[in-house]
Amino acid sequence: MLGKLLILFLLSSTLLPLSANIEKESSLASSYRYMYHRTLGHKNELFFQGKYSFSNYFLMGTGFSTAFNALPERFYITAEINNLPSLLKYRIRFLSRNFPDYEIRENSIIPTIELSTRFFELELGLSFRFMEALGQNFSYHLQYRLQWNILIFKGYELSFRAGNFDLFRSDNITSLYYTLENRIMIGKKWIITLDIGIHDAGQTTLSSFFTSIYGEIGFKYCL
Amino acid sequence: MKKRISAILLSILIISGCNLTVDLAGFFYSYSEPDDRFTQRTSLPMHSDPSSLQSIPLTGGKLVYSFAVVSDIHVENSTVPHLQDFIDTMLDPGDRFILDCGDSTQSGTADQFTTYKNIMDSSGIPWFEAIGNHDIYFEGWRNYSSIVGRSIYSFQVGNIGESGSMYVISLDSANSTLGKMQIDWLETTLEEQSGLWDHIVVFFHIQLFSKGLPTIVQFTGTEEIYKLLHLFRINNVDYVFMGHDHIWDYRNFNGVEYITLDPLQKKNSEDSYVRVNVDGEDISFTRVMID
């Protein structure tokens with residue numbers, strides 16, 4: 001019985017319209033995040049993003065952030081090919097992160113593939129990371145993200161995301177961020193975003209010690 | 001169906017720590033936090049008495065000595081042939097002390113810590129361990145603190161002003177993060193000690209660098225790693241010894257030499273240890289392979 005329900009669930013999530021219908025492809029967004037890290041302390045960060053869909057198949061985006069140490073401190077450019085076929089998205093992102101307090105800059109190239117259904121999204125890829133200070137260090141890492149779209153209503157979406165990277169972050173293999181995301185549609189163009197999350201210590205995949213907690217509030221304007 | 005679920009769970013659980021053996025409860029939960037262990041450190045003893053290291057006689061007006069560095073011993077039973085063999089046959093007469101980069105035990109049990117301590121004591125020279133993630137599994141911290149001692153400490157070799165003098169710092173990275181108290185202590189300690197000693201050595205368990213996709217770098221987040229790299233650079237640390245990964249790695253970044261050691265446990269990878277030679281202001285290391 002459980003097996004049949006699971007198959008029905010997977011079929012429905014595959015055949016129904018794609019997830020995240022509340023968000024249009026082209027948008028401008030801004031948000032504020034507060035994070036408390038048990039080792040590194042408090043952090044306030046502002047994010048600004050934009051993405052534009054050139055066609056049903058091609059989209060580009062960019063964004064930057066500041067934690068009031070430098071402008072920008074994080075910067076990304078991303079390009080995405082989708083609908084080939086409809087469940088898949090192919091992305092490549094350039095991410096630059098500046099750590100002025102540590103005199104370190106990190107540049108990453110992150111190609112990923114995303115499988116997107118109504119209720120689940122799975123994104124897998126690699127990051128090729130160049131760390132620069134007075135010297136250089138190169139490494140490559142597995143990046144992954146799993147998202148469960150828990151509630152999808154007209155005008156409201158709730159999802160849970162677990163992954164070791166996002167648009168502004170590229171972390172180590174078991175350094176996971178678990179985020180609960182709320183998207184609330186206001187009128188036809190505006191979306192309020194409310195996220196809360198925790199970050200694990202990276203000791204194991206499922207974590208044995210949480211090191212930070214964060215909350216983020218923002219808005220998105222659909223073009 | 002049950003077998004498939006078990007296989008999937010086991011596969012997930014195998015992505016764990018530094019050893020392919022899984023300790024289920026320790027994988028999911030560690031009751032001990034770095035800030036608590038930092039607070040307790042002054043009430044706990046050192047692993048060995050380091051006072052003899054301050055009276056090493058000078059040779060030609062400088063300190064000339066060596067020490068051995070090992071990691072990931074993973075004591076499981078009452079007999080530990082690879083560790084006993086190392087103590088009995090691989091130490092040099094010139095080795096003044098031993099550093100162990102952690103995961104001395106497999107499951108953090110009292111018996112395992114007792115066995116480990118007894119064998120290390122049999123070396124006859126001071127030894128110092130950096131606590132690892134396996135060491136705090138289950139009741140690990142309670143056993144570690146009562147049998148081995150403190151997890152965050154420093155000691156000196158020689159005296160300020162002597163050529164070849166060294167300051168050694170052991171960090172507690174068992175939770176893959178240092179905690180606010182410990183990182184503040186590290187920052188202050190490095191600032192105070194930098195420039196006073198010819199050499200500064202730091203050792204801890206969780207490694208900072210990834211060698212490739214099969215490597216599981218498990219220090220929490222890149223930002224904490226970058227902070228440590230910055231502190232080690234500006235305070236002229238000579239060597240940083242680490243373990244955990246069971247894969248040898250060496251790199252020189254910003255003038256600091258980072259060495260991730262092989263394990264000393266004769267399992268799935270090449271085994272080796274490191275010997276560091278100090279000849280006054282000169283310091284070098286050798287990776288010694290174990291057949």
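So that the names make sense, note that chain A is the first sequence line, chain B the second, and so on, each numbered from 1.
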A:Tyr140 versus chain B, heavy atoms under 4.5 Å apart: side chain, backbone, both or neither? both
Portion of B:Glu223 that has a non-hydrogen atom of chain A nearer than 4.5 angstrom: both
Chain B contact via A:Arg97 - side chain, backbone, both or neither, heavy atoms under 4.5 Å: side chain
Assert yes or no for the condition that the ring centre distance of B:Tyr250 to B:Phe285 is strictly below 6.0 Å. yes
Counting only heavy atoms closer than 4.5 Å, note whether A:Asp101 contacts chain B via side chain, backbone, both or neither. backbone
Interchain contact, B:Leu231 with chain A, by part (heavy-atom threshold 4.5 Å): neither
Below 4.5 Å from any heavy atom of chain B, which atoms of A:Ser212 appear? Answer side chain, backbone, both or neither. neither
Ring center gap for B:Tyr226 and A:Tyr102 short of 6.0 angstrom: no
Before we go on, tell me: are the rings of A:Tyr76 and A:Phe168 under 6.0 Å apart, centre to centre? yes
Answer yes if the ring centres of A:Tyr34 and A:Tyr36 are under 6.0 angstrom apart, and no otherwise. no
Tell me, do A:Ile150 and A:Leu180 make a side-chain contact under 4.5 Å, heavy atoms counted? yes
Measure A:Leu142 against the heavy atoms of chain B and call it side chain, backbone, both or neither at under 4.5 Å. both
Check whether B:Phe253 gets within reach of chain A through its side chain, its backbone, both or neither, counting any heavy atom under 4.5 Å. side chain
Backbone N/O of B:Gln106 and side chain of B:His134: donor-acceptor pair under 3.5 Å: yes
